[in-house]
Amino acid sequence: MTPDDLMFKPGAMAGQRILITGGGTGLGKAMAEALLMLGADIYICGRRGGVLKAAAAELMGAHGGKVAPIACDIRVPEAIHDMCDQIWADGGALTGLINNAAGNFISRTEDLSPRAFDAIANIVFRGSFFVTLDCGKRWIAEGKSAAVLSILTTWVWNGGPFTVPSAMSKAGLNVMTQSLAVEWAPKGIRFNAIAPGPFYTEGMTARLNPGADQSSYGDMKANPMGRAGDLRELANMAVWLMHPFSTYVNGQTIAIDGGAWNAGGGSFAALRDWDDAQWTKAREMIRGANDKDRAQRTV
Ligand code: HXC
Ligand code: NAP
């Protein structure tokens, strides 16, 4: 990313200290890059220490600043606690947390074992909550304000067939966002969420569109904008929601999906592919039916 890819002025996030779970890859890395470029100190965590270190070195090499990689499995509350101890000892409280880490794969639900369900729910549902809880306890004890942003999916509104453990877990985080936005607002801690549509990432493609390359995520014809998201669009949205000027935005889950989930909700979304001739023909046929009915009216 270059400064031209960002809608914010240089230094807009100076003084911010933000942990991004799963920040070494994909969406998390893109958000880390944008926040870093705007002056925030960034902490990224994940289970693959080498991937994190490489991402941190790449981002600092390109933009300077601070990206601290911490190997941490967010399924393990004690590991989260150690990570937070390390961060707090490194310069004080975080000002923000982005719950981005996730696991997912497509599967017929009847093929799932309990371990398969847990493999996803323990990362997304439990892990994200445990990170939020550990940070929240510290913020409350210290009287610090903070912003929490969770990366969900639009499935929280209309379900996720063949990705049921993910959809269920993300829906839980959606309710966490709504609940804690109210419970912890008086303590200065606010909660929002982003519900992205498809964005090409290696991790997502491997599990949701296995065998495809990263530029062919399914059939984008179903998307009203006919394309997947651009990581810069997502990153700018995340910066806005983490910025102090969005402090009055609280308890919101905002989709960034080209309008896709709204399109799925209507009965006639596919009609946007009709050409003029099809609309003219349909209008003539409807008019014919109307004329026939009108001719039979007795009042
Ligand atoms: C059925 C499966 C399976 C599959 C694994 N399992 N893959 N079951 N279909 N495709 C089962 C295994 O058989 C096992 O159960 C259990 O799940 C645990 O498997 P492990 O491989 O031991 O799990 P683990 O090493 O903990 O890895 C977790 C993971 C993996 C979730 C399975 O995919 C992962 O690490 N993912 C992290 C990154 C990721 O998923 N990124 C994508 C995010 S994209 P048994 O009973 O056999 O022992 C995303 C997009 C959303 O979320 C929205 C898009 C629009
Ligand atoms: P990704 O690159 O696979 O990102 C997932 C990240 O989570 C990885 O860095 C992974 O690192 C980390 N992670 C997984 N389990 C972890 C654990 N137990 N502890 C710590 N970190 C863990 O995929 P992505 O596409 O960027 O997805 C990022 C987020 O966006 C996810 O929440 C996903 O659900 C959401 N999302 C993505 C899309 C999309 O189209 N890409 C759409 C909607 C929502 P390790 O494997 O090293 O632990």
Side-chain angles (χ1 to χ4, degrees), residues 19-32 43-56 69-77 79-80 83 98-128 130-131 149-156 158-167 169-171 173-174 193-212 214 217-218 220 222-223 227-231 233-235 237-238 253 255-258 260-261 264:
L19 168 63
I20 305 170
T21 66
T25 63
L27 271 56
K29 188 176 167 195
M31 293 186 282
Y43 296 85
I44 54 175
C45 78
R47 294 164 299 176
R48 291 168 295 169
V51 169
L52 293 170
K53 276 187 191 157
I70 305 178
C72 172
D73 185 339
I74 65 165
R75 293 174 296 189
V76 183
I80 294 168
M83 170 175 65
I98 302 185
N99 287 314
N100 165 81
N104 203 353
F105 51 74
I106 47 165
S107 172
R108 291 182 302 194
T109 302
E110 62 270 32
D111 292 340
L112 293 173
S113 66
R115 267 177 48 79
F117 179 84
D118 283 350
I120 293 168
N122 286 350
I123 303 170
V124 182
F125 181 66
R126 288 165 56 90
S128 303
F130 292 149
V131 180
L149 177 65
S150 296
I151 308 302
L152 310 179
T153 78
T154 55
W155 308 335
V156 303
N158 59 3
F162 303 101
T163 52
V164 168
S166 168
S169 299
K170 298 282 192 184
L173 293 186
N174 195 34
I194 294 176
F199 283 77
Y200 302 136
T201 68
E202 208 181 314
M204 179 276 289
T205 306
R207 280 131 185 138
L208 300 190
N209 197 15
Q214 276 198 50
Y217 176 81
M220 283 303 138
N223 188 292
R227 66 171 175 91
D230 179 325
L231 287 174
E233 296 169 323
L234 183 280
M237 189 176 185
T253 299
I256 176 166
D257 71 340
W261 90 269

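Worth saying up front: this structure is predicted, and the values here are computed from it rather than measured. Numbers here are sequence positions counted from 1. Both ligands and their constituent atoms are indexed starting at 1 by order of listing.
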Below 4.5 Å, heavy atoms only, C-beta onward: do [X] and [Y] meet side chain to side chain?
X    : Y    : value
C45  : I74  : yes
F117 : V164 : no
V131 : L19  : yes
T201 : T25  : no

Working to the nearest 0.5 Å, report the span between [atom1] of [X] and [atom2] of [Y].
X    : Y    : atom1 : atom2 : result
S150 : L173 : OG    : CG    : 5.5 Å
K170 : I120 : NZ    : CD1   : 10.5 Å
F199 : L231 : CZ    : CG    : 6.5 Å
N174 : T153 : CG    : OG1   : 9.0 Å

Query raised in the report: Which part of A116 is near ligand 1, with near meaning a heavy atom under 4.0 Å away: side chain, backbone, both or neither?
Result: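 For A116, backbone and side-chain atoms both sit under 4.0 Å from ligand 1.
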
What are the atoms of ligand 2, with element, lying closer than 4.0 Å to any heavy atom of [X]?
X    : value
P198 : 40 (O)
I123 : 15 (N), 16 (C), 18 (N)
N100 : 28 (C), 29 (C), 30 (O), 31 (C), 32 (O)
L152 : 43 (C), 44 (C)
D73  : 17 (C), 18 (N), 19 (N)
T201 : 23 (O), 24 (P), 25 (O), 26 (O), 41 (N)
G197 : 40 (O), 42 (C), 43 (C)
T153 : 43 (C), 44 (C)

Are any of the N/O atoms on [X], whether in the backbone or the side chain, positioned under 3.5 angstrom from an N/O atom of ligand 2?
X    : result
G203 : no
T25  : yes
I74  : yes
F199 : yes

Shortest heavy-atom approach to [atom] - which of [options]:
atom                    : options               : result
atom 24 (P) of ligand 1 : E202, R207, R75       : R75
atom 54 (C) of ligand 1 : I123, L208, D73, V124 : L208
atom 14 (C) of ligand 2 : A102, A255, G229, G22 : A102

Looking at every heavy atom in both [X] and [Y], which two are closest together, and how far apart are they?
X    : Y    : result
M31  : A238 : SD-CB, 3.5 Å
A71  : G49  : CB-CA, 4.2 Å
S107 : L112 : OG-CD2, 3.7 Å

Any nitrogen or oxygen of [X], main chain or side chain, under 3.5 Å from a nitrogen or oxygen of ligand 1?
X    : value
R115 : yes
T153 : no
D111 : no

Judged by atom type as modelled, is there a donor-acceptor pair below 3.5 Å linking the side chain of [X] to the main-chain atoms of [Y]?
X    : Y    : value
K53  : R48  : no
D257 : P196 : no
N223 : A228 : no

Does [X] come within less than 4.0 angstrom of ligand 2, counting non-hydrogen atoms of the residue?
X    : answer
V51  : no
N104 : no
A206 : no
K170 : yes
L208 : no
T21  : no

Query raised in the report: Should the heavy atoms of other residues, nucleotides or ligands under 6.0 Å from CZ of F125 be counted, would the total exceed 12?
Result: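 No, the 6.0 Å shell around CZ holds no more than 12 heavy atoms from other groups.
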
Requested in this report: Please name all residues satisfying side chain to side chain donor-acceptor pair (under 3.5 Å) with S166, sequence neighbours left out, ordered by chain then number.
Outcome: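 Testing S166 for side chain to side chain donor-acceptor pair (under 3.5 Å), a comparison that skips the adjacent residues, returns N104.
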
Query raised in the report: In chain order, what residues pass the side chain to side chain donor-acceptor pair (under 3.5 Å) check against D73, with sequence neighbours excluded?
Result: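 By the side chain to side chain donor-acceptor pair (under 3.5 Å) rule, D73 matches R75.
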
Would [X] count as a contact residue for ligand 1, given that I'm defining contact as a non-hydrogen atom of the residue lying under 4.0 Å from a ligand atom?
X    : answer
R47  : yes
F199 : no
S166 : no

Numbered atoms and elements of ligand 1 in range of [X], under 4.0 angstrom, heavy atoms:
X    : value
A119 : 18 (C)
G103 : 31 (C), 36 (N), 37 (C), 39 (C), 40 (O)
A102 : 37 (C), 38 (C), 39 (C), 40 (O), 41 (N)
S113 : 15 (O), 45 (P), 46 (O)

Query raised in the report: Given the rule in the side chain to side chain contact (heavy atoms under 4.5 Å, CB included) test, do I98 and I151 qualify, once you have shown the distances and angles that lead to the verdict?
Result: CA-CA 7 Å; I98 302 185; I151 308 302; 4.1 Å; yes

Query raised in the report: T21 pairs by side chain to side chain contact (heavy atoms under 4.5 Å, CB included) with which of N100, I70, I44, I123?
Result: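 Of N100, I70, I44, I123, side chain to side chain contact (heavy atoms under 4.5 Å, CB included) with T21 is met by N100 alone.
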
Query - C72, portion touching ligand 2 at heavy-atom distance under 4.0 Å - result: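 It is the backbone that gets close, since no side chain atom is under 4.0 Å.
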
